[in-house]
Q: 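I am attaching a structure below and will ask some questions about it afterwards.
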Amino acid sequence: AQSVTQLDSQVPVFEEAPVELRCNYSSSVSVYLFWYVQYPNQGLQLLLKYLSGSTLVESINGFEAEFNKSQTSFHLRKPSVHISDTAEYFCAVSDRVYGGSQGNLIFGKGTKLSVKP
Amino acid sequence: ETGVTQSPTHLIKTRGQQVTLRCSSQSGHNTVSWYQQALGQGPQFIFQYYREEENGRGNFPPRFSGLQFPNYSSELNVNALELDDSALYLCASSLGGTRGGIEQFFGPGTRLTVL
């Protein structure tokens, strides 16, 4: 079965500093990888996804993640964070496809990013 | 385009009771997945419904059950509530089938507290 490990439960960082949130997944055949963000008392919002093609994927708000098959990693990075980036970030992998629909998402335990002024 | 909605927002129940949570999928989506997010944890997959049929289930006991209706909205039912059922329950919708994508869109969740 697939599994996802987020190596840091909490990451404090100062505003405008770079940040990396680490994610490793268990190896399998073709995988689909995601980063979701959860603001306090809200649901999950998709930040970015890797399905195929270029191993570097970017979001509209400056985050990027690189799929590394040999290291089974999908780390999330941002060169300069803002106070508004304070949230919990979840890495997820999609399990096998059932029939005509998508498989379920398997999530890591999350990383709380705290951006300080 | 209407996003995923869930009701109620919050719910308090006592042990042994039964609860029904509801989810309206995003317009055009035919697949609904349910997840349980305990405090301090990542979401865990409960089950998925595709075109009104259960289409995959996680490691949850049979007292967790569900339905999907012809308009693709869905219910999650939990019988004989236990204290450990206290969690945020998330619903996600997606488009399955050959025209579908991989992305799931999440609702805001229902916070269930079992006393």
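Here is how names work: the chains are called A, B, and so on, in the same order as the sequence lines, proteins then strands, and each is numbered from 1. What you are looking at is a predicted structure, and each value in this text was computed from that prediction instead of being measured. We use all heavy atoms of the structure for the numbers below, so side chains are in, but hydrogens, waters and symmetry mates are not.
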Q: Can you get from B:Tyr50 to B:Phe105 by hopping between Ile, Leu, Val, Met, Phe, Trp and Tyr side chains that sit under 4.5 Å apart?
A: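 Looking at the clustering, B:Phe105 is in a separate group from B:Tyr50.
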Q: With respect to chain A, which residue among B:Ala92, B:Pro43, B:Gly107, B:Gly42 yields the maximal number of heavy-atom pairs within a distance under 4.5 Å?
A: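 Ranked by heavy-atom pairs under 4.5 Å with chain A, first place is B:Pro43.
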Q: Taking all non-hydrogen atoms of both residues into account, name the closest pair between A:Gln42 and B:Leu88 and its distance.
A: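 Closest heavy-atom pair between A:Gln42 and B:Leu88: O-CD2, 4.4 Å.
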Q: Please confirm whether A:Phe107 and B:Tyr35 have ring centers closer than 6.0 angstrom.
A: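 Yes, the ring centres sit under 6.0 Å apart.
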Q: Is B:Gln44 close to chain A through its backbone or its side chain, or both, or neither, when contacts mean heavy atoms under 4.5 Å?
A: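 Contact with chain A involves no heavy atom of B:Gln44 at all.
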Q: Should B:Val32 and B:Leu21 be regarded as members of a common hydrophobic cluster, given that ILVMFWY residues are connected when their side-chain heavy atoms come within less than 4.5 Å of each other, either directly or indirectly?
A: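 Per the 4.5 Å side-chain linkage, B:Val32 and B:Leu21 are co-clustered.
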Q: Measure distances from A:Lys109 to the heavy atoms of chain B and classify the residue's part below 4.5 Å as side chain, backbone, both or neither.
A: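 For A:Lys109, backbone and side chain are both near chain B.
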Q: More than 12 heavy atoms of other residues, nucleotides or ligands under 6.0 Å from CG of B:Asn59: yes or no?
A: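 No - once you tally the heavy atoms of other residues, nucleotides and ligands closer than 6.0 Å, there are 12 at most.
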Q: If I compare all heavy atoms of B:Leu90 with all of A:Gly43, which pair ends up nearest, and what's the gap?
A: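 So the minimum-distance heavy-atom pair works out to CD2-CA, 4.1 Å.
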Q: Given 3.5 Å as the limit, does a donor-acceptor pair link the side chain of A:Tyr36 with the main chain of B:Phe106, or not?
A: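 Not at all, since once roles are kept as given, no pair shorter than 3.5 Å links the two residues.
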Q: Determine whether more than 12 heavy atoms belonging to other residues, nucleotides or ligands lie under 6.0 Å from atom CG of B:Leu39.
A: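 Atom CG in B:Leu39 is not crowded, with 12 or fewer foreign heavy atoms closer than 6.0 Å.
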Q: Please report the closest heavy-atom contact between A:Phe90 and B:Gln37, naming both atoms and the distance.
A: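 Smallest heavy-atom distance, with atoms named: CZ-NE2, 3.2 Å.
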Q: Chain B heavy atoms under 4.5 Å from A:Gln38: which part of the residue, side chain, backbone, both or neither?
A: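 Contact with chain B: side chain only.
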Q: Tell me, for A:Leu46 versus chain B, whether the close heavy atoms (under 4.5 Å) come from the side chain, the backbone, both or neither.
A: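 Just its side chain gets close to chain B.
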Q: Answer yes or no: does atom CZ of B:Arg15 have more than 12 heavy-atom neighbours from other residues, nucleotides or ligands under 6.0 Å?
A: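 Open.
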Q: Taking atom CG of B:Leu83 as the centre, report whether more than 12 heavy atoms of other residues, nucleotides or ligands fall under 6.0 Å from it.
A: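 It does: B:Leu83 CG has more than 12 such atoms within range.
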Q: What distance separates B:Glu103 CD from A:Leu51 CG, expressed to the nearest 0.5 Å?
A: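 One gets 8.5 Å once the value is rounded to the nearest 0.5 Å.
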Q: Do B:Leu67 and B:Val19 belong to the same hydrophobic cluster, where Ile, Leu, Val, Met, Phe, Trp and Tyr are linked whenever their side-chain heavy atoms lie under 4.5 Å apart, directly or via other members?
A: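 No; tracing contacts between hydrophobic side chains, which count when under 4.5 Å, never links both residues.
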Q: Does atom NZ of A:Lys112 have more than 12 heavy-atom neighbours, drawn from other residues, nucleotides or ligands, at distances under 6.0 Å?
A: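 Not more than 12 within 6.0 Å, no.
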